[in-house]
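Just so we're on the same page: letters track the sequence lines, and every chain starts at 1.
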There are 2 protein chains.
Amino acid sequence: MRLSTKGRYGLKAMLDLAVNGQNGHIALNSIAERQNISEHYLEQLIAVLRKAGLVESMRGAQGGYILARSPKDITVGDILRTLEGSLAPVDCVVENKEHECSQADYCVTKPIWLKVRDSINKVVDSITLQDLVDDYKEVYAQATDMYYI
Amino acid sequence: MRLSTKGRYGLKAMLDLAVNGQNGHIALNSIAERQNISEHYLEQLIAVLRKAGLVESMRGAQGGYILARSPKDITVGDILRTLEGSLAPVDCVVENKEHECSQADYCVTKPIWLKVRDSINKVVDSITLQDLVDDYKEVYAQATDMYYI
DNA sequence: TATAAAACCGAGTGCGTAGGTAGGAATTAA
DNA sequence: TTAATTCCTACCTACGCACTCGGTTTTATA
């Protein structure tokens, strides 16, 4: 039941953008360096975030990435589901695919998986990037050049 | 974030034992047949459940398995965590290992993972095998020879 | 006491996915 | 024109899941 690095790295990158991208685009290599993530690998992840409309890019010199929306309008759930797919614990309760199991009406375990899925979504959808930015600023009120996320 | 078949098969097997094991031991092959699980594979899973003290075995002819405790004293969480390990979404919030990350005090994402972990555990710990047996009996009030779990 | 039914055990296998690398093409500010 | 940067496709490797295989040991019963 672990999240892969996709979700974790992606969340780190998005938080990095929220903290550092106030005035303009941020180059991928600077994010990768600060967050200690392979640049080429992060490239693949941010491509997914871009296609999902969570970040926007600018090519060429001085290009980079920027959040597509305000941090308060991007939830942790948006980011994780974009990179990990559904957070459902079993396939039979993946969103919009619940009907696909022929035994759904008789299955006594399905309600368990639904509850687990919904409780996970509830947590991650209740936290916005802005919440994390606020936490970050509080923790690093003094040491402004630290980037542990 | 999917559960593996270990957890799902294990839960099915335990529910099968709760439903069918009222009067004595149940042979593994009958569980495997009813639940449509590879017998040899289920053997490996039930060995884990036995070592964890959730089921007891009797060897030899007419032997088999039986729940070690009353179904009302076995939760879905007990079964899933035994077979899957911690249900934590990331390693840094695996139970009793939270301290191992040197950045734990500064990490702004850790509280997210803690909330996710706790919400998952809360759901699965609130449901007992007896609850599932009751659901099962309700669904199959008429068709008593069906075994979809 | 022999037999068959069952649990117990350890090793091996195929496959998919995670987590990257490698190398280059296209774009654009300076 | 150059250098910085995104974008794209292909490839690679290790690992764990979901089994299979071939036995050994135990025990009720005929």
J.: Mind calculating the distance between CG (B:Leu28) and P (D:dT27) to the nearest angstrom?
T.: 18 Å

J.: Do B:Ile66 and B:Ile26 have side chains that approach each other closer than 4.5 Å (heavy atoms only, starting at C-beta)?
T.: no

J.: Closest approach to the side chain of A:Glu43, judged atom by atom: which nucleotide of D:dC7, C:dA7, D:dT27 is it?
T.: D:dC7

J.: Going through the distances and angles, do A:Val93 and A:Val90 end up as a side chain to side chain contact (heavy atoms under 4.5 Å, CB included)?
T.: CA-CA 6 Å; A:Val93 294; A:Val90 310; 4.1 Å; yes

J.: For C:dA18, does OP1 or OP2 lie under 4.0 Å from any side-chain N or O of A:Lys6?
T.: yes

J.: Does D:dA18 have OP1 or OP2 sitting under 4.0 Å from an N or O in the side chain of B:Ser4?
T.: yes

J.: Can you find an N or O donor on one side and an acceptor on the other, under 3.5 Å apart, linking the side chain of B:Gln44 with the base of D:dT20?
T.: yes

J.: Could a donor-acceptor pair under 3.5 angstrom be found where the side chain of A:Arg59 meets the base of C:dA26?
T.: yes

J.: Verify, without hydrogens or angle tests, whether B:Gln35 (side chain) and B:Ala13 (backbone) share a donor-acceptor contact under 3.5 angstrom.
T.: no

J.: D:dT5 P sits how many Å from A:Leu42 CG, rounded?
T.: 15 Å

J.: Name the nucleic acid region contacted by A:Arg2, choosing base, sugar-phosphate or nothing; use a 4.0 angstrom heavy-atom cut-off, strictly under.
T.: nothing

J.: Take a 6.0 Å sphere around CD of B:Glu33 and say whether it holds more than 12 heavy atoms from other residues, nucleotides or ligands.
T.: no

J.: Quick check for you: among D:dA28, D:dC8, C:dC8, whose closest atom lies nearest to any side-chain atom of B:Gln62?
T.: D:dA28

J.: Hey, does A:Ile46 reach any base, or is it just sugar-phosphate, or nothing, if we go heavy atoms under 4.0 Å?
T.: nothing

J.: Report yes or no: do B:Tyr9 and B:Ser38 form a side-chain donor-acceptor pair below 3.5 Å?
T.: no

J.: Under 4.0 Å between a side-chain N or O of B:Tyr41 and OP1 or OP2 of D:dC21?
T.: no

J.: Any side-chain N or O of A:Thr5 under 4.0 Å from OP1/OP2 of C:dA18?
T.: no

J.: CG of A:Asn36 versus P of C:dG19: gap in Å, rounded?
T.: 15 Å

J.: Test side chain to side chain contact (heavy atoms under 4.5 Å, CB included) on A:Leu129 and A:Lys72 and set out the steps.
T.: CA-CA 6 Å; A:Leu129 268 189; A:Lys72 71 179 190 328; over 6 Å; no

J.: So, is B:Ser38 near the phosphate of D:dA18, with a side-chain N or O under 4.0 Å from OP1 or OP2?
T.: no

J.: Answer with yes or no whether A:His40 presents, from its side chain, a donor or acceptor under 3.5 Å of a partner atom in the base of C:dG23.
T.: yes

J.: Within the structure shown, what part of the strands sits under 4.0 Å from B:Arg8 by heavy-atom distance: base, sugar-phosphate, or nothing?
T.: nothing

J.: How do B:Gly60 and A:Leu3 order along DNA chain C: which one's closest nucleotide is nearer the 5' end?
T.: B:Gly60

J.: Does some side-chain heavy atom of A:Cys92 sit less than 4.5 Å from a side-chain heavy atom of A:Gln103?
T.: no

J.: Between B:Arg50 and C:dC8, is there a side-chain N or O to OP1/OP2 distance below 4.0 Å?
T.: yes

J.: Rounded to whole Å, how long is the line connecting atom CG of B:Leu45 with atom P of D:dT20?
T.: 12 Å

J.: List in numerical order all residues of residues 81-91 of chain B for which some heavy atom is under 4.0 Å away from an atom belonging to DNA chain C.
T.: none

J.: Could you give the CD1-to-C1' distance, from A:Ile31 to D:dT5, as a whole number of Å?
T.: 12 Å

J.: Using only side-chain N and O atoms of A:Tyr9, determine if any of them is under 4.0 Å from OP1 or OP2 of C:dG20.
T.: yes

J.: Please report, rounded to the nearest Å, how far the C1' atom of C:dT21 is from the CD1 atom of A:Ile37.
T.: 16 Å

J.: Give a yes/no answer on whether the side chain of A:Ser57 brings an N or O atom under 4.0 Å of OP1 or OP2 in D:dT5.
T.: no

J.: Could you tell me the separation between the OH atom of A:Tyr65 and the P atom of D:dT5, rounded to a whole number of Å?
T.: 12 Å

J.: I'd like to know if the side chain of B:Asn121 pairs up with that of B:Asp125 as donor and acceptor (distance under 3.5 Å, no hydrogens or angles considered).
T.: no

J.: With a 4.5 Å limit on heavy-atom distance, are the side chains of B:Lys12 and A:Thr109 in contact?
T.: no

J.: Measure CE/A:Met58 against P/D:dC7 and give the value in whole Å, please.
T.: 11 Å

